[in-house]
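Comments concern the structure below.
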Amino acid sequence: MTQSHGATLTEYEPIIGSSAIEELRQLARYFRGKRVVMVNSTRVGGGVAEILSRMVPILLEMGIRVRWEVIEGSDPFYKVTKKFHNALHGKQESITPDMFEVFLEQGRHNARKLTLDDDVVFIHDPQPLTLVDGRARRPDATWVWRCHIDVSRPHPGVWGFLQPYILQYDAAVYSAPAFVQRLAMRQVLIAPSIDPLSDKNRELEPSVIDEVLRRLEIPRDRPIVTQVSRFDYLKDPLGVIDAFRRVRRSVKCRLVLAGGPATDDPEAEEVLALARERAKDDPEIHLLMLPPQSDIEINALQRASAVVVQKSLREGFGLTVSEALWKARPVVASAVGGIPLQVKHGYSGLLVHSIEGAAYAIRQLLNSPEYAKRLGENGREHVRQNFLLTRHLTDYLVTFLCARQRSDTIHLDNHQ
Ligand code: UDP
């Protein structure tokens with residue numbers, strides 16, 4: 001199957017209009033020839049890698065010399081960073097002093113490996129946070145910390161440990177208003193985005209959708225309810241199975257839980273095993289562990305679904321929600337993290353708070369196809385206006401420009 005690579009900016013014009021493209025081009029002129037580095041902890045798996053893989057080619061096309069570096073990890077480091085991730089999301093975790101040392105030691109190792117002398121250094125999430133210790137080497141560079149986690153109720157020990165590093169950045173970027181912390185620094189709100197032209201989101205021929213479902217052995221004999229997510233406790237796959245079983249008491253349907261590995265997530269096997277145990281060889285529950293780069297498969301699964309679910313217990317943003325809405329799919333999702341930005345209850349999907357609530361909402365949508373269709377169509381328009389890659393790039397470029405400004409007035413008058 002052919003894979004789409006980075007699209008050119010002009011290709012987005014029919015979707016978002018020419019003035020938005022022109023605005024982006026104008027902004028990019030301030031950065032022509034400048035060097036930007038993105039740093040995160042994995043090249044595949046999860047929303048951050050998904051965004052960077054689409055964003056980097058477009059920045060290059062706009063003349064910005066961007067590169068994408070991935071820090072090195074080790075099993076103990078990923079175990080620690082996963083615990084930090086959960087703890088920052090407010091999940092109960094036992095954190096011990098030796099974990100901080102593992103984190104710092106890997107940070108020192110990565111600092112020796114990476115030369116970060118670019119004009120803008122953009123660090124994603126906590127894993128590479130301590131690299132900011134090296135910023136003195138180039139004092140005129142702009143350093144931005146991009147937090148993709150819901151840190152509205154963080155574990156105080158982990159947050160307290162990270163805070164001195166965060167404060168060394170020029171700005172911190174969060175996905176939703178509720179995540180902003182009381183920190184004496186510039187804090188910016190930028191919602192993530194999906195790329196409408198990627199293999200994961202572009203239109204697919206019905207024959208391609210049919211072929212994928214056949215290959216994945218998912219019969220089309222009854223409506224399909226799908227959740228696409230890494231196998232992670234916070235995505236609550238077990239809760240999705242329980243909700244599905246309640247729905248099935250009165251409406252025939254199938255459940256697809258599709259997940260894949262992320263190199264920086266050590267819990268996936270364990271959670272998948274628990275989901276298998278809960279599903280107990282139920283022929284109407286399809287648990288799929290998809291290899292990396294299964295973009296067309298995920299696209300086809302979302303498009304083939306009667307309802308897409310995202311029943312997270314905690315969430316940063318939840319790109320999967322925008323992915324489904326862009327395909328005009330009716331969505332049932334938990335009212336956590338950045339999901340309520342995407343799902344306006346009763347307008348662009350249904351927000352839920354429990355397994356029973358999820359079952360009720362799924363059943364409602366399966367029984368009311370006209371209502372479900374309207375929610376999906378509203379959702380697509382909401383995503384078009386708010387959560388596409390082009391808006392995200394515009395916000396990032398403005399942030400790079402403003403991060404070191406000491407006043408609220410930004411002067412955009414020095415471009416060639
Ligand atoms: N994803 C994927 N394969 C999978 C599971 C998820 O490609 O098996 C993608 C999904 O389509 C989305 C991203 O990973 O683009 C997940 O982003 P999200 O913000 O929903 O959650 P995160 O994993 O970052 O917590």
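Ligands are counted one by one from 1 in listed order, and the atoms in each one are counted from 1 as well.
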Would you say the side-chain atoms of [X] and [Y] include a donor-acceptor pair closer than 3.5 Å?
X: Thr8; Y: Glu11; value: yes
X: Thr115; Y: Asp117; value: no
X: Thr263; Y: Thr42; value: yes
X: Gln127; Y: Thr81; value: no

Query raised in the report: Heavy atoms only: which of Leu257, Asp125, Val228, Leu288 is nearest to atom 6 (C) of ligand 1?
Result: Val228
Query raised in the report: Which residue from His148, Glu315, Lys235 reaches closest to atom 22 (P) of ligand 1 through any of its heavy atoms?
Result: Lys235
**Report entry** Tyr30/Phe400 aromatic ring centres below 6.0 Å
**Finding:** no
Is there any N or O on [X] that sits under 3.5 Å from an N or O of ligand 1?
X: Arg230; answer: yes
X: Lys200; answer: yes
X: Gly260; answer: yes

Counting heavy atoms not belonging to [X], are there more than 12 under 6.0 Å from its [atom1]?
X: Tyr360; atom1: OH; answer: no
X: Glu205; atom1: CD; answer: no
X: Lys34; atom1: NZ; answer: no

Would you mind running through ligand 1 and noting each atom that sits below 4.0 Å from a heavy atom of [X]?
X: Thr320; result: 10 (C), 12 (C), 20 (O)
X: Glu50; result: 15 (O)
X: Gly318; result: 19 (O), 20 (O)
X: Glu323; result: 10 (C), 11 (O), 12 (C), 15 (O)

Query raised in the report: Which residue owns the protein heavy atom closest to atom 20 (O) of ligand 1, what's the atom, and how far is it?
Result: Leu319 N, 3.1 Å
Query raised in the report: To the nearest 0.1 Å, how far is atom 16 (C) of ligand 1 from its closest protein heavy atom, and which atom is that?
Result: Gly47 N, 3.6 Å
Query raised in the report: So is Gly259 close enough to ligand 1, meaning a heavy atom under 4.0 angstrom away?
Result: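 Within the 4.0 Å threshold, so yes.
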Query - Close approach, Gln310 and ligand 1, non-hydrogen under 4.0 angstrom - result: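 No, Gln310 has no heavy atoms under 4.0 Å from ligand 1.
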Report task. Classify the contact between Ile298 and ligand 1 as side chain, backbone, both or neither, using a heavy-atom distance cut-off of under 4.0 Å. Result -> side chain
Query raised in the report: Nearest heavy-atom pair of His392 and Pro192: which atoms, and what distance?
Result: CE1-CA, 3.5 Å
